[in-house]
Structure formats: structure tokens, C-alpha cells
Asker: 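Sending over a structure as C-alpha cells; questions will come in a sec.
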Amino acid sequence: MKVAVVGCGYVGLTTATALAWAGHRVNVVEIDERRVASLREGHPPFFEAHLDEAMAACARRLRFSTSHAEALVGTRAVFIAVGTPASKDGSADLSQVWSAVEQIVCNLTRSNVDPVLVTKSTVPVGTGDDIADRIRHLAPHHQLPVASNPEFLRQGRSLRDSLYPDRIVIGGPERARAVLREIYRPIVERSFEPLPGTTHPYGHTTPSVIEVDRRSAELAKYAANAFLATRISFVNEVANVCDRLGADIDSVTAIMGADPRIGSHFLHAGVGYGGSCFPKDTRALHQLARMHGYEFALVSAAIRVNESQRFRVLERLAWTLGGVEGRRIALLGLAFKAGTDDVREAPSIALARALAARGANVIGHDPRAVANARQVLQKVVVLTTSIDEALRGADAAVLMTEWPDYLSLDAQYYRARMRRPIVIDGRNALPEAVRRGVEYYGFGRGALRQPTIERSRVAAD
Ligand code: UDX
């Protein structure tokens, strides 16, 4: 089938590549000409493992253009995958969605069978209804059914998540659902060439297709992300209690996770979540509920816990070093998680700023994200692509992203370079041998004396 995708961020480009891989002909529209030029040469605008190889492998079915008119010819569905960043009040800024809808409507031709308009971007509940109203107003002669088809892909494994999803959610009227069922058939039946190295990563169970009304589909995306975010904040609070009670978070979560009602995923304590989804979607859900007269207390608490979690590193540094002013602190990892060069809402960025504001000399390292970090941190901290340089002469090192590059360093590596081998493991990821060979502090890994700085004071600063 012929489909179009509007927007070339993580969601748009991955969706387009996955659909092309599954056998569809995909026209991708992106308004940024430079982006289109480099996409035509096979270069994604961000780092995502294996995406460029997959794009190259299905290049015949994947076309990039700045023209909506060109991209829409003969398409059965148009996926809107533009950004929905957070506004100042936390609600989603839908300006790119509205502009995409207008462009699509203005570029429809009468000879076309009207395509289904599908929102892939995470949008507030009711946006699909508003889009349908807008279309009725702008193009009364056209009949474009509107569907919500949220994605659940994770950066770093986005192609795999798109081609081997555990569920496909389709919300909207039957006409729209019928087209989407057809589009997703190869993915449901797994009739495509397996992705190299990722043959049926989740076993042989095929994804369930969940067909619902549009509003439920829209809300499900927020609810799923907010639930996962709440889970992380919950486990981080358990870790904070472990520190005070002398219990071990790994043992506690192993026991919790052995209960199938709880499950073992997303129980990893550390500096908290970041990225382009959890922080934005939790705030948007909270704001959305509030606008409709409901105070979503749990989500609001999850956000607060997450925002203070990263500053626990600051407490630990201040406590072990007797203050951070004038100290050289190496931040290992700037990306919000391993496998991506994305620094959006990364705990490392907020921590770097807070440390620098307190007079620390911060040196940040990341194997992939230095260029993006430079744009947001500018001159606040020194950035390097050499781990050796980052650690040399450091008074303390903080592991902020669990890149394999860091996990393979042994204790001697830290000891040989640092002034004092204080290592704070913000991801509870360092191996046992390193933990024993340095002055190690994890999250919820045994007794921690009360920090000298009050938590409330650090957070208020
Ligand atoms: C997330 C959702 O997983 C995905 O379904 C949705 O479509 C987009 O948002 P992503 O942002 O790529 O995906 O990252 P994810 O792997 O979910 O991790 C999010 C953050 O939570 C990262 O900062 C990660 O380090 C943190 N995390 C995750 C924890 O701190 N502990 C955990 O146990 C799991």
C-alpha cells in the first residue's frame, strides 16, 4: 500500500522505515529542506542503531520530500508524526499538528480516494475529534476518517519495537480501522523479512491488535507512559528508603519482580527518567486532568520524585567531598539513556547545571551525545569525547548513562586517573568488582549516613 508520513523525528522516521520494511511504499514529508537532503543520502538526523542500514535496505520504497502535494498522491493513510513539545504550563503544544493537518487538507486532490488521517504523535485526548471538526470545516467536500494509532517505541530499539510490537492500538471509526488493519497486516502476521539480528525478539507471540474508540486510544498512550514513569519514581523512593534502612534495592526489587502481578521490568533505581516522552507526557496528563477538574495526585508525585532524584547525587557529592565548590566532577554519560544521542530532559543536564551553579568544575563525557549536549549546556561545563580526559584528576565521577563503554572499565582505571576514586553510580549499573575497588555509592545499595545537606534545601536551590 502507499502511505505518507508527516514528520521525520524519531517516531516519524522509524514508523516510515518500519512500514517500508514491512512492504509498503512510504512517502515521507519533512519541512526542513536540509534534513530532507541528508535523508535522501541515507543519513537519519539522529543516532538510532541500525536505522540507516534499514533505510538503505528499503530505499526503493522510502521517499523523502518537502512537498505534501507530492507525498499525498495515491496514499491510503497519512500518519502525522510531528513534534508535540510541552508548552510552559506543561500542556502539549499542538501547533505542528495543526499546521500538518492544514497542509494535508490543502494538498488533497479531488481525484484521490480520501486517505485516513492517523495521529501517531502523542496528542491530548480529544485532539482526534478536533481534527475531524477542522477537516469538516476546511474541506467539506472530502471525507477523511481520523484515527489515533499511538506508538510505544523506545529510542535505541525503535525499529525493533515498531516491527515487533506487543500491541497495536487503533482508535477511530470503522473505515479508518479497516485501512489500518490492512496496513498493519504484515506486521501482525510477521510476513516481512526479519530484521537482521533481531529475529522474533519477543518469541513467537504475535501482537494483539486493540481496536477502540479514538479517545481511549489517545488516553492509553499517556496512561501507559505515566504508569511506567510512576513505577520508576516508586522504585526510586524504595531505593531512598533502602539507603536509610540499610537494605539492598536489588534484593528488594528481585523479590518484588518475582510476583507476576508486578513483573521485573522498569524496577531499576537510579537518577530517574528523562527523554522526550516520560517527562513531557506525565506533565501533559497531569495538566489535561486538571483542565477537566481532576487532580491526578499520583502522576504529580511521580514527577516531583523524579525531579528531586537527580539532586540526590548532589547531596552525596557534597557529603563525601565536604562541598562541591572548586571540585572537579566527571559526569559519565549525558544522554538520557544508553543507545541514543538524545539529551532531552536528561538528568545529567540538570545535574551539570546545578553543579556548575555551585562552583564545581564539571567535565561531561558521552560516546554519542556530546554535540547535542553542547547545544544545551554551551559553556556551562567542559565536554569531551575521551573518558580518560574526563576522569583525569577528577575528585569524583558520576555514572549518569549506562553506556557499555563505562561498564567495561575496571576499578584500576578509575584509581589510576582520579584524585580520589569516588564513583557515584547513578544507574546502579557498575559491576561488583568495580564497586569493591573504588569508593562506591549507588542508589539504595546499603546503609548511607544522612547527608549533611537537607534535601529540601538542595531542591529549593
Ligand atoms: C518511553 C517508553 O518506554 C515508550 O514506550 C514510549 O513510546 C516513549 O517513552 P524511551 O523514552 O525511549 O521510551 O525510553 P525508556 O527506555 O522507556 O526509558 C525512559 C527513561 O526511564 C530513561 O531515562 C531510562 O533510563 C529510565 N528508566 C527506565 C529508569 O530509570 N528505570 C527503569 O527501570 C527503566
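Values below: all heavy atoms of this structure, side chains included; hydrogens, waters and symmetry mates excluded.
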Asker: Would a distance-only check, ignoring hydrogens and angles, find a side-chain to backbone donor-acceptor pair under 3.5 Å from Glu30 to Cys8?
Answerer: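 Yes, the answer is positive, given that a donor and an acceptor are paired below the 3.5 Å cut-off.
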Asker: Less than 4.5 Å apart, any side-chain heavy atom of Thr66 and any of Arg35?
Answerer: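 No, every pair of side-chain atoms sits at 4.5 Å or beyond.
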Asker: Quick one, Val29 and Ile104 - any side-chain contact, counting heavy atoms below 4.5 Å?
Answerer: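 No, every pair of side-chain atoms sits at 4.5 Å or beyond.
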Asker: What are the two closest heavy atoms between Pro124 and Leu288, and how far apart are they?
Answerer: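 Taking Pro124 first and Leu288 second, the nearest heavy atoms are CB-CD1, 3.8 Å.
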Asker: Which atom names give the shortest non-hydrogen contact between Gly333 and Ser348, and what distance separates them?
Answerer: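 Looking at all heavy atoms of both residues, the closest pair is O-CB, 3.5 Å.
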Asker: Looking at Cys242 and Val252, what are the two nearest heavy atoms and their distance?
Answerer: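 Between these two residues, the closest heavy atoms are SG-CG2, 4.1 Å.
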Asker: Determine whether Phe227 and Arg231 make a side-chain contact, defined as any pair of heavy atoms from C-beta on separated by less than 4.5 Å.
Answerer: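 In contact.
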Asker: Does NZ or CZ of Arg40 lie under 6.0 Å from the centre of the six-membered ring of Phe64, at an angle within 45° of the ring axis?
Answerer: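 Judged by the rule, Arg40 and Phe64 form no cation-pi pair.
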Asker: Tell me whether Asp395 is salt-bridged to Arg328, with the criterion being a basic N under 4.0 Å from an acidic carboxylate O.
Answerer: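 The answer is no: the pair does not qualify as a salt bridge.
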Asker: Please tell me whether Glu218 and Thr119 have a donor and an acceptor in their side chains that are separated by less than 3.5 angstrom.
Answerer: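 No, because no side-chain N or O of Glu218 sits under 3.5 Å from a partner of the opposite role on Thr119.
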Asker: Side chains of Arg214 and Asp129: closer than 4.5 Å at any heavy-atom pair?
Answerer: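 They are in contact (side-chain heavy atoms under 4.5 Å apart), so the answer is yes.
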Asker: Is the backbone N or O of Pro279 less than 3.5 Å from a side-chain atom of Glu345, with the two atoms forming a donor-acceptor pair by type?
Answerer: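 No; zero donor-acceptor contacts below 3.5 Å.
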Asker: Is atom CD of Glu53 surrounded by more than 12 heavy atoms (other residues, nucleotides or ligands) closer than 6.0 Å?
Answerer: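 Above 12, so yes.
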Asker: Counting neighbours of CD1 on Ile31 that are heavy atoms of other residues, nucleotides or ligands and sit closer than 6.0 Å, is the number greater than 12?
Answerer: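 No, CD1 of Ile31 has 12 or fewer neighbouring heavy atoms, counting only those of other groups under 6.0 Å.
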Asker: Check the surroundings of atom CD in Glu33: do more than 12 heavy atoms from other residues, nucleotides or ligands lie under 6.0 Å from it?
Answerer: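 Open.
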Asker: Taking the cut-offs as 6.0 angstrom to the six-membered ring centre and 45 degrees off its axis, would you call Arg417 and Tyr413 a cation-pi pair?
Answerer: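 Arg417 over Tyr413 ring: yes.
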Asker: Salt bridge or not for Asp161 and Arg154, using N-O below 4.0 Å?
Answerer: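 Counted as a salt bridge, because a side-chain N and a carboxylate O are separated by less than 4.0 Å.
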Asker: Start with the C-alpha gap between Ile168 and Ile187, add the side-chain angles, then the distance that decides, and say whether side-chain contact (heavy atoms from CB on, under 4.5 Å) holds.
Answerer: CA-CA 9 Å; Ile168 293 166; Ile187 289 178; 4.1 Å; yes
Asker: In this structure, are over 12 heavy atoms from other groups packed under 6.0 Å from Arg63 atom CZ?
Answerer: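 No.
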Asker: Roughly how far, to the nearest 0.5 Å, is the CG atom of Leu159 from the CE atom of Met55?
Answerer: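 Nearest 0.5 Å value for the CE-CG distance: 10.0 Å.
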Asker: Do Val118 and Leu180 come within less than 4.5 Å of each other through their side chains, counting heavy atoms only?
Answerer: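 Counting from C-beta outward, Val118 and Leu180 do come under 4.5 Å.
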Asker: Starting at CG of Leu153, measure out to OG1 of Thr15 and round the result to the nearest 0.5 Å.
Answerer: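 Reported value, rounded in 0.5 Å steps: 6.0 Å.
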Asker: Just checking, any donor-acceptor pair under 3.5 angstrom between side chains of Asn240 and Gln309?
Answerer: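 Yes, Gln309 and Asn240 have a side-chain donor paired with an acceptor closer than 3.5 Å.
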Asker: Report yes or no: does Ser308 contribute a side-chain atom to a donor-acceptor pair with the main-chain N or O of Val305 at less than 3.5 Å?
Answerer: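 Here the side-chain-to-backbone pair exists.
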Asker: Take Val271 and Met400, measure what side-chain contact (heavy atoms from CB on, under 4.5 Å) needs, and give me the verdict at the end.
Answerer: CA-CA 7 Å; Val271 286; Met400 294 298 286; 4.0 Å; yes
Asker: Asp366 vs Arg368, test: salt bridge (Lys or Arg N to Asp or Glu O under 4.0 Å). Steps then yes/no.
Answerer: CA-CA 6 Å; Asp366 194 282; Arg368 290 275 178 184; over 6 Å; no
Asker: How many angstroms lie between atom CZ of Phe443 and atom CG of Asn236, to the nearest 0.5 angstrom?
Answerer: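 Result: 7.5 Å between the selected atoms.
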Asker: Given the ring of Phe152, does Arg167 sit roughly above its face, with NZ or CZ under 6.0 Å from the centre of the six-membered ring and within 45° of the axis?
Answerer: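 Flagged: Arg167 positioned over aromatic ring of Phe152.
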Asker: Is any side-chain heavy atom of His68 closer than 4.5 Å to a side-chain heavy atom of Val6?
Answerer: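 With C-beta onward as the side chain, the pair touches.
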Asker: Is the shortest distance from a Lys or Arg side-chain nitrogen in Lys221 or Glu151 to a carboxylate oxygen in the other one below 4.0 Å?
Answerer: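 Yes.
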Asker: Which heavy atom of Ile131 sits nearest to which heavy atom of Val101, and what is that distance?
Answerer: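 Heavy-atom minimum between the residues: CG2-CG2, 4.0 Å.
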Asker: Taking the basic N atoms (NZ, or NE/NH1/NH2) and the acidic carboxylate oxygens, is any pair closer than 4.0 Å for Asp32 and Arg34?
Answerer: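 No, Asp32 and Arg34 are not salt-bridged.
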Asker: Counting N and O atoms only, with roles assigned by atom type, does the side chain of Arg415 sit under 3.5 Å from a partner on the main chain of Val438, one being a donor and the other an acceptor?
Answerer: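 Checking the backbone N and O of Val438 against the side chain of Arg415, no donor-acceptor pair under 3.5 Å is found.
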Asker: Under 3.5 Å, side chain of Thr17 to main-chain N/O of Leu13, donor-acceptor pair present?
Answerer: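 Pair found, side chain donor or acceptor close to backbone of Leu13.
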Asker: If you draw a 6.0 Å radius around CZ in Phe234, do more than 12 non-hydrogen atoms from other residues or ligands fall strictly inside?
Answerer: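 For Phe234, atom CZ is not crowded (no more than 12 foreign heavy atoms under 6.0 Å).
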Asker: Check whether any side-chain N or O of Asp243 sits under 3.5 Å from a backbone N or O of Gly444 as a donor-acceptor pair, and report yes or no.
Answerer: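 Answer holds: yes.
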Asker: Working to the nearest 0.5 angstrom, can you tell me the gap between Phe79 CZ and Asn149 CG?
Answerer: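 Reported value, rounded in 0.5 Å steps: 5.5 Å.
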Asker: Checking side-chain contact (heavy atoms from CB on, under 4.5 Å) for the pair Ile329/Val398: CA distance, chi angles, key distance, verdict?
Answerer: CA-CA 8 Å; Ile329 314 285; Val398 188; 4.0 Å; yes
Asker: Would you name the heavy atoms of Ala239 and Ala269 that are closest together and state the gap between them?
Answerer: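 For Ala239 versus Ala269, the nearest heavy atoms are CB-CB, 3.7 Å.
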Asker: Between the main-chain N or O of Gln155 and the side-chain N or O of Lys337, is there a donor-acceptor pair closer than 3.5 Å?
Answerer: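 Here the side-chain-to-backbone pair exists.
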Asker: Report yes or no: does Tyr164 contribute a side-chain atom to a donor-acceptor pair with the main-chain N or O of Leu195 at less than 3.5 Å?
Answerer: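 Yes; judged by distance alone, with no hydrogens or angles, the pair exists.
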Asker: For the atom pair CG (Asp425) and CG (Leu399), what is the distance rounded to the nearest 0.5 Å?
Answerer: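 Here the rounded value is 5.0 Å.
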Asker: Quick one: do Arg134 and Asp130 make a salt bridge, cutoff under 4.0 Å?
Answerer: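 No, no charged N to carboxylate O under 4.0 Å.
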Asker: Got a donor-acceptor contact below 3.5 angstrom from the Thr282 side chain to the Phe278 backbone?
Answerer: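 Yes, because the side chain of Thr282 sits within donor-acceptor range (under 3.5 Å) of the backbone of Phe278.
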Asker: Check whether Tyr406 forms a cation-pi arrangement with Arg427 (NZ or CZ under 6.0 Å from the six-membered ring centre, at most 45° off the ring normal).
Answerer: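 No, Arg427 does not sit over the ring of Tyr406.
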Asker: Under a 3.5 Å threshold, yes or no: a donor from one side chain and an acceptor from the other, between Lys280 and Thr84?
Answerer: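 A donor-acceptor contact under 3.5 Å links the two side chains.
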Asker: Are any non-hydrogen side-chain atoms of Asn361 and Arg327 less than 4.5 angstrom apart?
Answerer: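 No; the side chains remain at least 4.5 Å from each other.
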Asker: Could you check whether Arg304 pairs with Glu307 (Lys NZ or Arg NE/NH1/NH2 to Asp/Glu carboxylate O, under 4.0 Å)?
Answerer: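 Result for this pair is no, no salt bridge flagged.
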Asker: Quick check: closest heavy atoms across Asp52 and Pro44, and the distance to 0.1 Å?
Answerer: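 Looks like CB-CD, 3.9 Å.
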Asker: With side-chain contact (heavy atoms from CB on, under 4.5 Å) as the criterion, how do Ile80 and Leu117 come out once you've worked through the C-alpha distance, each side chain's angles and the decisive distance to 0.1 Å?
Answerer: CA-CA 7 Å; Ile80 297 183; Leu117 210 155; 3.1 Å; yes
Asker: Using distance alone, with no hydrogens and no angle criterion, decide if Ser91 and Gln287 have a side-chain donor and acceptor under 3.5 Å apart.
Answerer: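 Result is no, nothing qualifies.
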Asker: Assess the side chains of His286 and Glu295: does a donor N or O sit below 3.5 Å from an acceptor N or O?
Answerer: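 Looking only at side-chain atoms, Glu295 and His286 do form a donor-acceptor pair, the distance falling under 3.5 Å.
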Asker: So, Arg261 and Asp259, do they make that salt bridge, N to O below 4.0 Å?
Answerer: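 Salt bridge flag = yes for Asp259 with Arg261.
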Asker: Could you tell me the separation between the CG atom of Leu383 and the CD atom of Glu389, rounded to the nearest 0.5 Å?
Answerer: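 Leu383 atom CG to Glu389 atom CD measures 10.0 Å (nearest 0.5 Å).
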Asker: Tell me, do Leu314 and Leu355 make a side-chain contact under 4.5 Å, heavy atoms counted?
Answerer: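 When only atoms from C-beta onward are counted, Leu355 and Leu314 do touch, with a gap below 4.5 Å.
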Asker: So, does Thr14 use its side chain to make a donor-acceptor pair with the main chain of Val11 at under 3.5 Å?
Answerer: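 Between the backbone of Val11 and the side chain of Thr14 there is no qualifying donor-acceptor contact (under 3.5 Å).
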